[in-house]
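The structure that follows is given in the form of structure tokens.
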Amino acid sequence: MRLLISFIVGGGLLLLLLRHLYHVPVAYDDFWLDSPNTQDPAAQDTSYLLSTRSIVSSEALSQPVCVLVHGFSASTFEFNYFKSAVTERNENIQFSTILMGGHGLNYDAFKAASYLDWKQPVIDEVKRLISQGYNNISLLGVSTGATVLLDSILTGEIDAKNIRQLIFIDPFVIPQNKLLFLTPYLRFMVSNTRSQASTNLELTHWYVNRPASALIELVSLLTHVRSQINRMPPNFKLPPTSVFAAQYD
């Protein structure tokens, strides 16, 4: 009986602690990405996607293409400096910068989107590029963007045979914070969390509010991709893959 009482009390204290740490009200200013007044430019500017550019020469079809996929709660801004640095070294590389579904719009869009919604713009763009005849396609994903790419390859939604290489930067498959996996069980108590963003740059280009629904979708994506890895046939081959991990992240 004492053990049961201790377990109940301990569990209650843990739940109170989690609520204190992870349940915060939704709040944002007009210049935050969470706000309907601030959007990722890729949400309106179709030229971020290579497939939308009308003039395609035979020479362009054989030039290197790099499809860029940002991370969870982030935006295409993650690649601004990367694209500039790469272009300075090789101006022939063509970029297609994808805004994942539910991202870069506002808090409500982020809250409502599933991980399948996140993936769909990625899958659609790669399929369009392949159908248009691009034959030198590399896929680069950061954090959850890498997870989305890997999952899409393993499910066959992106045909691995048409991809020259995969580049993963800090791929998010096994989270360091194991409390993330408790979110589906605590969704009625923990409805919203907040990131530690503090600068105007972060507030403008990353969601600060992270609703429980989005965290649950993140858990679902991680669970699904790990299941796909475990079920991968012995004869299945990924495209040549490079993985980079930051020392401090």
Does the side chain of Asp151 pick up a donor-acceptor pair with the side chain of His224 at under 3.5 Å?
-> yes

Report yes if the side chains of Leu218 and Trp118 come closer than 4.5 Å at any heavy-atom pair, otherwise no.
-> yes

Give, for atom CG of Asn162 and atom CG of Asn136, the distance between the pair rounded to the nearest 0.5 Å.
-> 12.0 Å

Interatomic spacing from NZ in Lys119 to CG in Asp124 - rounded to 0.5 Å = 11.5 Å

So, does Asn90 use its side chain to make a donor-acceptor pair with the main chain of Val86 at under 3.5 Å?
-> no

Atom pair CD1/NZ of Ile153 and Lys237 - distance to nearest 0.5 Å = 15.0 Å

Hey, does Leu99 have a side-chain heavy atom less than 4.5 Å from the side chain of Pro121?
-> no

Within the distance-only criterion (no hydrogens, no angle test), does the side chain of Thr204 pair as donor or acceptor with the backbone N or O of Leu201 below 3.5 angstrom?
-> no

Heavy-atom side-chain contact between Phe79 and Phe95 under 4.5 Å = no

Spatial distance of atom CH2 (Trp32) from atom CD (Glu202) [nearest 0.5 Å] | 11.0 Å

Which value, rounded to the nearest 0.5 Å, describes the distance between Asn135 atom CG and Leu129 atom CG?
-> 11.0 Å

Over 12 non-hydrogen atoms of neighbours within 6.0 angstrom of NZ in Lys111 = no

Mind checking whether Asp40 and His103 have side chains closer than 4.5 Å, heavy atoms only?
-> no

Check whether any side-chain N or O of Gln132 sits under 3.5 Å from a backbone N or O of Ser51 as a donor-acceptor pair, and report yes or no.
-> yes

Short question: side chain of Thr38, backbone of Asp30 - any donor-acceptor pair under 3.5 Å?
-> yes

Ser143 (side chain) donor-acceptor with Phe172 (main chain) under 3.5 angstrom = no

Residues Leu50 and Glu125: closest non-hydrogen pair is N-OE2, 3.3 Å

First locate atom OG of Ser96, then atom CG of Leu68, and finally report the distance between them rounded to the nearest 0.5 Å.
-> 7.5 Å

N/O donor-acceptor pair under 3.5 Å between Tyr207 side chain and Arg194 backbone = no

Check whether any side-chain N or O of Thr52 sits under 3.5 Å from a backbone N or O of Thr46 as a donor-acceptor pair, and report yes or no.
-> yes

Within the side chain of Asn106, is there an N or O that forms a donor-acceptor pair under 3.5 Å with the backbone of Asp108?
-> yes

What residues, two or more places apart in sequence or in another chain, satisfy salt bridge (Lys or Arg N to Asp or Glu O under 4.0 Å) together with Asp34?
-> none

Distance-only side-chain donor-acceptor flag, Asn230 / Ser227, under 3.5 Å = no

Phe31 side chain near Leu203 side chain, heavy-atom distance below 4.5 Å | yes

After noting the C-alpha distance and the side-chain angles of Tyr28 and Val208, does the key distance pass the side chain to side chain contact (heavy atoms under 4.5 Å, CB included) rule?
-> CA-CA 8 Å; Tyr28 47 78; Val208 175; over 6 Å; no

Side chain proximity check, Leu33 to Ser75, heavy atoms < 4.5 angstrom = yes

Check: Ile163 and Val67 side chains under 4.5 Å, non-hydrogen atoms | no

Those residues that, when tested against Glu78, pass salt bridge (Lys or Arg N to Asp or Glu O under 4.0 Å) (two or more places apart) = none

Given side chains that start at C-beta, do those of Leu222 and Thr147 come closer than 4.5 Å, heavy atoms only?
-> yes

Aromatic contact, Phe72 with Tyr115 (centres under 6.0 Å) = no

Would you check if there is a donor-acceptor pair between the side chains of Gln165 and Ser138 at a distance under 3.5 Å?
-> yes

